[in-house]
Amino acid sequence: MSEIAHQDHIEKKAFLVNSSSLKDVRVFCREVFEKLHIQEDLKEELVLAIAEAAQNIVKHAFKNSASPTELMVVQISCENNKLQIAFYDRGTPVDPKKVKHREIDNVKPGGLGTFFIQEIMDAVEFKDGKKPWINHLVLTKQL
Amino acid sequence: MTYKVEELNNVSIVHLNGEIDMDVADKARQTILPLIESGKSVQVNLSKVDYMDSSGISVLIEGKQLAEKKSTKFELIEVSKPVEKVLSMARKFL
């Protein structure tokens with residue numbers, strides 16, 4: 001847990017649902033985390049977790065075939081030193097029971113993203129998406 | 001991401017540069033795997049990679065597994081700090 005009191009802040013941005021947007025998602029996160037004065041090591045871990053969640057939207061919720069104008073929204077908020085990152089998309093509804101990282105002895109490429117997210121964040125929660133959204137994922141981390 | 005392939009003493013050294021994510025992982029895959037497939041020893045220099053996500057790690061796992069199948073060498077060299085950090089998280093899978 002950080003000894004620094006991070007200022008309350010909220011910021012959100014919409015991105016096209018495609019793999020080229022992942023770099024823009026990272027840039028956005030780094031900018032917000034700079035404003036929050038989050039230390040470098042933690043900042044890069046958080047950027048990885050967020051980028052993996054965004055990648056899951058592109059890869060799984062839309063199966064790499066979103067329409068060219070389809071959007072996903074990333075919202076980063078910090079309140080009382082608790083960081084919350086919310087994702088909104090209109091892809092295939094996610095069944096939270098099916099979202100788990102693979103077994104440790106199952107060595108094969110792919111499926112590491114969920115493991116990274118769970119390693120880095122304190123909590124991963126799928127909430128009901130309110131219209132027009134279908135999926136609403138919330139990641140939290142106490143700073 | 002950019003890359004350069006150098007041949008040195010029968011070893012192909014792939015120098016990767018930049019950020020390796022889902023968007024460019026296929027480019028890395030198509031650079032590294034054919035070298036291993038051809039039976040060459042391959043080293044991947046990661047000194048100039050400043051970000052790697054699970055897609056990049058997947059390419060490295062594929063490289064390792066293909067090298068085992070082909071009985072050739074596959075090594076990571078000069079691993080940058082950001083990549084080392086991600087590898088350390090993924091290590092239990094490697």
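Naming: A, B, ... by sequence-line order, numbering from 1 per chain.
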Backbone N/O of Ser54(B) and side chain of Glu52(A): donor-acceptor pair under 3.5 Å = yes

query = When you look at NZ of Lys43(A), are more than 12 heavy atoms from neighbouring residues, nucleotides or ligands closer to it than 6.0 Å?
reply = yes

ask   = Is it true that Val124(A) and Leu83(A) fall in one hydrophobic cluster, defined by side-chain heavy atoms closer than 4.5 Å?
value = yes

request  = Take Met89(B) and Leu112(A) through the side-chain contact (heavy atoms from CB on, under 4.5 Å) test and state the conclusion after the steps.
outcome  = CA-CA 10 Å; Met89(B) 276 196 281; Leu112(A) 273 170; over 6 Å; no

query = What residues of residues 19-26 of chain B sit under 4.5 Å from chain A when you count only heavy atoms?
reply = Glu19(B), Asp21(B), Met22(B), Asp23(B)

ask   = Are Asp41(A) and Lys85(B) close enough that some pair of their side-chain heavy atoms sits under 4.5 Å apart?
value = yes

ask   = Can you pull the salt bridge (charged side-chain N to carboxylate O under 4.0 Å, His left out) pairs that have at least one residue in residues 127-143 of chain A, sequence neighbours excluded?
value = none

query = Within 45 degrees of the axis of the six-membered ring of Phe115(A) and under 6.0 Å from its centre: does Arg91(B) put its NZ or CZ there?
reply = no

Single-linkage hydrophobic cluster, 4.5 Å side-chain cutoff, Leu76(B) and Tyr51(B) together = yes

ask   = Going only through I, L, V, M, F, W and Y residues with side-chain contacts under 4.5 Å, is there a path from Tyr3(B) to Val79(B)?
value = yes

query = Would one find more than 12 heavy atoms of other residues, nucleotides or ligands at under 6.0 Å from atom CD of Gln7(A)?
reply = no

query = Say you draw a straight line from CD of Glu40(A) to NZ of Lys81(B); how long is it, rounded to the nearest 0.5 Å?
reply = 8.0 Å

Side chain to side chain, Phe116(A) and Asp53(B), heavy atoms closer than 4.5 Å = no

key: Single-linkage hydrophobic cluster Leu46(B)~Phe74(B), side-chain heavy atoms < 4.5 angstrom   = yes

Connected via hydrophobic side-chain network under 4.5 Å: Ile117(A) and Val138(A) = no

ask   = Taking everything shown except Arg90(A) itself, do over 12 heavy atoms lie less than 6.0 Å from its CZ?
value = no

